[in-house]
Amino acid sequence: MQAAVVEQFGKPLVVAELTVPTPGPGQILVKTEACGVCHTDLHAANGDWPLKPTLPFTPGHEGIGIVTALGAGVTAVKEGDRVGVPWLYSACGHCEYCLSARETVCADAQFGGYTRNGGFAEYMIGDPNYVAHIPAKLSAREAAPLICAGITSYKGIKETQARPGEWVVISGVGGLGHLGIQYAKAMGLHVCAVDIDNGKLDHAKKMGADALVNAKLGDPADAVKKITGGGAHGVLITAPSLGAFKQGVDMTRKCGTCVLVGIPPGEFPTPLFEVVANCITIRGSFVGTRRDMAEALSFAADGKVKADIELQPLSAINKVFERLARGDVPSRVVLDFSKR
Ligand SMILES: [Zn+2]
Ligand SMILES: [Zn+2]
């Protein structure tokens, strides 16, 4: 099978011919149909983060495909099922976090395309207890961006605890933000989109945003407070920018919640007086649980959420990475394994 392999950090991936893996006990083999390309894949290939993957490895945590073989003892999926192998490849299943449906913070979690080989390959191994089950109405290429970008934005909005009829700000209208706007609308929320690019704000309007704020023109927190009558009940910061973090806290209504999902390098100054006196919650959110995954996919199967995608063959992966590094990917690139 063909796979795009990281042999050395910071070097182009090598598209190599590898042996199709055999599923061990409790594992499944999945024939990849499509795999989204996420910024995290670029960080993995560059070895940017403190805990580095072991070389060589195959990135990709938005791989969708058909189950073609079952290891011993597998009952949770059957051959022919369409599944996704996500970032949360597996967790221990018995720690306090796993037992309380917060498995994304399990200390023994494995990560697809990072600590386990991922979807930049014609076949991948998955854990049947943690794969995403793709609804029949969704194609592999439509589902791919949803199992990382989709679930991350959906869970982030849930974590704001904003209720139907209340306001949320979606800050950053990129890969996560354009999905976040659609999820928030489908959840019955009023949406104010914030970005520094008018083209992206036009796109936010098409995605259903009720109000738009260009953060380059004046104080965006003032603008949001005017629109929402005192600040948004929930704020989701998808922009990987420290300035956006600070603005996000300022946009949050009294007793509201500002959720962070992007990880720009550095630390951001927190306006402690405002946070304490206004009872504001600042919360990190990291992908989502299996239950969140099913919900995020269900909105898409109902036609309420659709990712913007650009299809590319696996052989184009290094060009795609160069463009990602330059910020030159307007929508989600999905590797399409029906093309060579
Ligand atoms: Zn991702
Ligand atoms: Zn656990």
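Positions are given from 1, in the same order as the sequence printed here. Side chains included, hydrogens not; waters and symmetry mates left out as well; all remaining heavy atoms used. Just follow the structure's listing: the first ligand is 1, and inside any ligand the first atom is 1. Here the structure is a predicted model, which is why all the values come from computation and not from measurement.
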Cys148 atom SG and His61 atom NE2 as seen from the Zn ion (ligand 1), angle to 10 degrees: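 The two atoms subtend 110° at the Zn ion (ligand 1).
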Aromatic plane relationship, Phe299 with Tyr183 - under 30° parallel, 30 to 60° tilted, over 60° perpendicular: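 Ring orientation, 0 to 90° scale: perpendicular.
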Geometric class of the Phe286/Trp87 ring pair [parallel <30°, tilted 30-60°, perpendicular >60°]: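 Plane angle over 60°, so perpendicular.
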N, O or S atom of Cys98 closer to the Zn ion (ligand 2) than 2.8 Å: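 An N, O or S atom of Cys98 is closer than 2.8 Å to the Zn ion (ligand 2), so yes.
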Candidate pair Tyr154 and Leu146, rule side chain to side chain contact (heavy atoms under 4.5 Å, CB included), full reasoning: CA-CA 9 Å; Tyr154 172 63; Leu146 302 177; over 6 Å; no
At the Zn ion (ligand 2): angle between Cys95 atom SG and Cys106 atom SG, to 10 degrees: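 Between SG of Cys95 and SG of Cys106, the angle at the Zn ion (ligand 2) is about 120°.
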Pairing of Arg332 and Glu62 as salt bridge, 4.0 angstrom limit: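 Salt bridge flag = yes for Glu62 with Arg332.
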